[in-house]
Amino acid sequence: MATEDELRQTRLNKAERLRELGVLPYPNTWRTNPELEEQRRHLVLLAADEEACAKLPLEDELTDDAPHVPLFGRVIAKRGPFLVIRTPHGDAQSLVRPDSLSERDAAVLKLLDLADHVLVEGPAIRTKTGALAVSARRYEHLGKALLPPPAKWHGLKDVEKRYRERYVDLFANPAVAEVFRARTLIVQSLRRFLDAFGFLEVETPLLHSIRGGATAKPFDTHHNALDLDLILRIAPELHLKRLLVGGFDRVYEIGRTFRNEGISTKHNPEFTILEFYMAYATHEDLMDLVVDMIRAVDADVRVRFAGLTGDRTFDLQADWKRVRMREAIADRLQQAGQGEVPETPWTQALSRDAIYDEEAFATACNAIAPKLDPAAQKQLSHCETHGERVFAVFELLVEPDLTAMYRTPNGAQSAPVFITEFPWEVSPLARRNDDDPSYVDRFELFIDGRELSNAFSELNDSDDQAERFESQLRNRERGDDEAMDFDADYIRALSHGMPPAAGFGLGVDRLVMLLCNQPSIRDVLLFPLLRPEAE
RNA sequence: GGGCCAUUAGCUCAAGUGGUAGAGCAGUGGAUUCUUAAUCCAUUGGCUCCAGGUUCGAGUCCUGGAUGGCCCA
């Protein structure tokens with residue numbers, strides 16, 4: 001009687017006995033409506049309000065005209081004569097005594113299993129312990145569950161099972177459901193902010209014939225009728241900028257993007273990206289806008305989901321630093337000298353002056369390389385230009401210590417930081433700086449040490465863009481299998497004239513992780529990718 | 001891709017140095033019926049992830065594999 005099959009059979013037998021009583025195990029005859037929904041919501045919120053519950057009548061103080069209220073949802077616990085019913089708004093309990101029910105309802109109640117969906121109706125009362133309960137005068141079976149729910153006290157803890165059976169995770173662990181409600185609020189809040197600034201939300205293709213907008217490996221697919229090889233997009237960027245050419249001066253898209261790469265606590269093969277493009281603005285303007293946007297979203301989340309937003313290691317109200325990439329390297333060297341961050345082979349061999357001296361920098365890199373781990377060596381060995389080396393040194397030396405380097409004035413929390421002035425070689429779509437064309441007008445935003453955003457003033461010189469694409473092709477010949485394709489139609493679009501503009505991209509999943517204190521991207525994805533279960 | 005860890009009843013977890021695999025919850029039968037992880041009595045339930053190996057004897061040790069987690073890349 002206790003293997004899974006036997007537990008299921010026990011419940012199937014009860015379903016059969018329901019039929020004998022003339023009750024369908026899976027009925028769909030009882031319908032909700034806005035009024036009932038509102039009554040249920042109000043009831044559940046009332047149940048959580050101790051003071052308000054104190055004003056409810058006891059069972060024996062009820063008057064005949066006491067209004068009956070509906071409570072419907074999943075039964076998650078039985079305690080004495082009480083049922084605890086879970087709803088999207090929270091839990092509330094019902095006092096179900098057979099002698100208050102019709103003979104038929106009492107018979108149906110006997111066939112209740114935990115996790116079944118039910119409806120009770122009756123007056124709201126105060127129990128002897130001061131809690132709210134719906135004193136059931138009516139009981140209806142609304143839906144059978146054939147599998148037993150997880151233990152009511154411990155919930156579902158097995159991480160693999162939680163991801164594979166998210167439907168159970170969500171009803172058994174209310175805190176998990178809360179994260180996903182917060183996620184939806186965050187996306188709504190982003191939309192609201194951009195809509196208010198006059199941005200137009202658009203949808204661009206997920207099926208691409210060439211890869212562009214990012215350097216990443218794509219998923220391959222195929223269209224049969226056209227006999228056409230396609231890839232799932234790795235970024236929406238080039239389509240959105242075509243829309244700038246078309247005259248939509250402010251556009252954004254929030255949508256799924258696909259990169260055929262490894263899975264980790266920060267990476268899922270499909271993830272949600274926000275990109276927006278704004279004509280007649282620079283990357284400098286976007287930094288101001290982004291501070292406002294993320295603070296506004298955070299404010300919305302904190303109001304509704306205070307339980308998720310406490311205890312942070314970073315402070316969004318702090319000044320958001322703006323540091324040029326080469327100065328960030330210099331800061332790292334200087335702080336190591338002051339003992340604020342660890343010494344490394346780099347901090348021994350590099351000097352501030354060398355960062356601005358191509359030859360000295362290359363010499364230092366070559367000297368340091370043998371002291372690094374194999375992956376870092378590999379990354380350095382792929383660098384052929386000064387710019388590539390600067391970027392590699394930033395990633396290897398600075399990025400891991402950003403949280404330690406840039407702090408709030410009292411040092412208690414990390415401050416958000418914009419890293420600016422990226423080398424042109426690692427920025428194939430960004431506009432060159434007017435004063436120093438070997439660098440581009442670009443920034444990446446790091447909060448709590450995590451890369452959240454990438455943005456730049458847009459390259460709208462079609463000849464320069466064509467050269468950048470050529471450079472990408474040369475990288476591919478050198479063995480870089482993430483390099484972009486040459487997008488001739490995009491060059492044609494730019495040739496028609498794109499207004500000066502700046503664009504911004506944000507990993508939405510990572511923003512949710514950050515704002516809701518979730519350590520893994522899988523905790524903010526309803527159905528993260530897992531290997532299929534074996535038969 | 002590499003390292004470490006985990007996998008035992010439907011769920012949550014126990015089972016020195018190898019010696020008959022157990023508890024709570026859920027389930028079943030009964031009692032009780034204003035409980036807050038309801039309580040009380042009784043009770044069912046196991047291919048210990050898989051495949052080999054060592055051993056008189058393996059949940060435990062060894063080898064290989066599967067899945068997941070964490071860290072590194």
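Note on naming: letters A, B, ... go to the chains in the order of the sequence lines (proteins, then strands), and numbering restarts at 1 for each one. Note that the structure is a prediction, hence the values are computed from the model and not measured.
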N/O donor to acceptor pairs below 3.5 angstrom from side-chain atoms of residues 519-527 of chain A, sequence neighbours left out:
residue: A:Ser520; atom: OG; partner: A:Arg522; partner atom: N; Å: 3.1
residue: A:Asp523; atom: OD1; partner: A:Tyr163; partner atom: OH; Å: 3.0

[X] side-chain N/O to [N] phosphate OP1/OP2 under 4.0 Å:
X: A:Arg8; N: B:G10; answer: no
X: A:Arg126; N: B:U35; answer: no
X: A:Lys157; N: B:U7; answer: no

Rounding to an integer number of angstrom, what distance separates [N] and [M] when you compare their [atom1] atoms?
N: B:C50; M: B:G45; atom1: C1'; value: 23 Å
N: B:A21; M: B:A58; atom1: C1'; value: 12 Å
N: B:G1; M: B:A37; atom1: C1'; value: 45 Å
N: B:C4; M: B:U63; atom1: P; value: 11 Å
N: B:U8; M: B:G53; atom1: P; value: 24 Å
N: B:G22; M: B:U44; atom1: C1'; value: 15 Å
N: B:U17; M: B:U12; atom1: P; value: 25 Å

Which nucleotide in the set [options] lies at the smallest distance from any side-chain heavy atom of [X]?
X: A:Arg522; options: B:U12, B:U35, B:C70; value: B:C70
X: A:Leu530; options: B:U12, B:G69, B:G27; value: B:G69
X: A:Arg97; options: B:C34, B:A26, B:G69; value: B:C34
X: A:Phe82; options: B:G27, B:G69, B:C34; value: B:C34
X: A:Ala151; options: B:C70, B:C11, B:G69; value: B:C11
X: A:Ser520; options: B:C70, B:G68, B:G10; value: B:C70
X: A:Leu114; options: B:A26, B:U28, B:G68; value: B:A26

Would you tabulate the pairs of protein nitrogen or oxygen atoms and nucleotide nitrogen or oxygen atoms of nucleotides 38-41 of chain B closer than 3.5 angstrom?
residue: B:A38; atom: OP1; partner: A:Lys152; partner atom: NZ; Å: 2.6
residue: B:A38; atom: N7; partner: A:Gly80; partner atom: N; Å: 3.0

Scan the side chains in residues 36-50 of chain A for donor-acceptor partners under 3.5 Å anywhere in the protein, sequence neighbours excluded, and list what turns up.
residue: A:Glu37; atom: OE1; partner: A:Arg40; partner atom: NH2; Å: 3.2
residue: A:Glu37; atom: OE2; partner: A:Thr32; partner atom: OG1; Å: 3.1
residue: A:Glu38; atom: OE1; partner: A:Arg41; partner atom: NE; Å: 3.3
residue: A:Glu38; atom: OE2; partner: A:Arg41; partner atom: NH2; Å: 3.4
residue: A:Arg40; atom: NH1; partner: A:Phe72; partner atom: O; Å: 2.8
residue: A:Asp49; atom: OD1; partner: A:Glu51; partner atom: N; Å: 3.2
residue: A:Asp49; atom: OD1; partner: A:Ala52; partner atom: N; Å: 3.2

ring-ring contact (aromatic ring centres under 6.0 Å, His included) with A:His208: which residues, sequence neighbours excluded?
A:His239

What salt bridge (Lys or Arg N to Asp or Glu O under 4.0 Å) pairs are there with at least one residue in residues 169-180 of chain A, not counting sequence neighbours?
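Output for this query lists A:Arg162-A:Asp169, A:Arg166-A:Asp169.
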
For [X], report the nucleic acid contact type (base, sugar-phosphate, nothing); a contact means any heavy atom under 4.0 Å.
X: A:Lys128; value: base
X: A:Gly262; value: nothing
X: A:Leu156; value: sugar-phosphate

Can you find a heavy atom in the side chain of A:Leu112 that is under 4.5 Å from one in the side chain of A:Val118?
yes

So, do A:Met484 and A:Leu429 sit near enough that their side-chain heavy atoms are less than 4.5 Å apart?
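A side-chain contact under 4.5 Å exists here.
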
Does atom CG (A:Asp60) have a neighbourhood of more than 12 heavy atoms from anything else shown, all under 6.0 Å?
yes

So for atom CZ, which belongs to A:Arg304, do other residues, nucleotides or ligands contribute more than 12 heavy atoms lying within a distance under 6.0 Å?
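Counting neighbours around CZ of A:Arg304, 12 or fewer heavy atoms of other residues, nucleotides or ligands fall under 6.0 Å, so no.
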
Spacing of A:Ile263 atom CD1 relative to B:C70 atom P, expressed in whole Å:
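These atoms are roughly 12 Å apart.
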
Considering only heavy atoms, which members of [range] lie under 4.0 Å from some atom of RNA chain B?
range: residues 160-174 of chain A; value: A:Glu160, A:Lys161, A:Tyr163, A:Arg164
range: residues 42-60 of chain A; value: A:Glu59
range: residues 99-112 of chain A; value: none

What residue pairs, at least two apart or across chains, pass side chain to side chain donor-acceptor pair (under 3.5 Å) with a residue in residues 69-85 of chain A?
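Applying side chain to side chain donor-acceptor pair (under 3.5 Å) to every pair that reaches into residues 69-85 of chain A, excluding sequence neighbours, yields A:Arg79-A:Gln93.
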
Classify the side-chain pair [X]/[Y] by whether it contains a donor and acceptor separated by less than 3.5 Å.
X: A:Ser135; Y: A:Arg137; result: yes
X: A:Gln9; Y: A:Asn13; result: yes
X: A:Ser427; Y: A:Arg442; result: yes
X: A:Thr3; Y: A:Asp5; result: no
X: A:Thr313; Y: A:Asp448; result: yes

Taking only residues two or more places apart in sequence or in another chain, which ones pass side chain to side chain contact (heavy atoms under 4.5 Å, CB included) with A:Asp298?
A:Arg302, A:Arg312, A:Leu316, A:Leu515

Decide side-chain contact (heavy atoms from CB on, under 4.5 Å) for A:Leu132 and A:Leu56; before the verdict, give the C-alpha distance in whole Å, the side-chain angles of both, and the deciding distance to 0.1 Å.
CA-CA 8 Å; A:Leu132 175 148; A:Leu56 291 166; 3.7 Å; yes

Show which side-chain atoms of residues 388-397 of chain A pair as donor or acceptor with protein atoms under 3.5 Å away, not counting sequence neighbours.
residue: A:Glu388; atom: OE1; partner: A:Glu384; partner atom: N; Å: 2.7
residue: A:Glu388; atom: OE1; partner: A:Thr385; partner atom: N; Å: 3.1
residue: A:Glu388; atom: OE1; partner: A:Thr385; partner atom: OG1; Å: 3.4
residue: A:Glu395; atom: OE1; partner: A:Gln379; partner atom: NE2; Å: 2.8

For B:G16, glycosidic torsion class - syn if within 90° of 0, otherwise anti:
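Judged by the O4'-C1' to base torsion, B:G16 sits in syn, the angle falling within 90° of 0.
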
Given Watson-Crick or G-U pairs with both distances under 3.5 Å, what dot-bracket string fits RNA chain B, with | for other-strand pairs and [ ] for crossing?
(((((((..((((.....[..)))).(((((.......))))).....(((((..]....)))))))))))).

Over all heavy atoms of both residues, which pair between A:Ala214 and A:Arg259 is shortest? Give the atoms and the distance, please.
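Reported closest heavy-atom pair: CB-NH2, 3.4 Å.
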
Hey, does the side-chain of A:Gln93 have a donor or acceptor N/O within less than 3.5 Å of a partner on the base of B:U35?
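Yes.
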
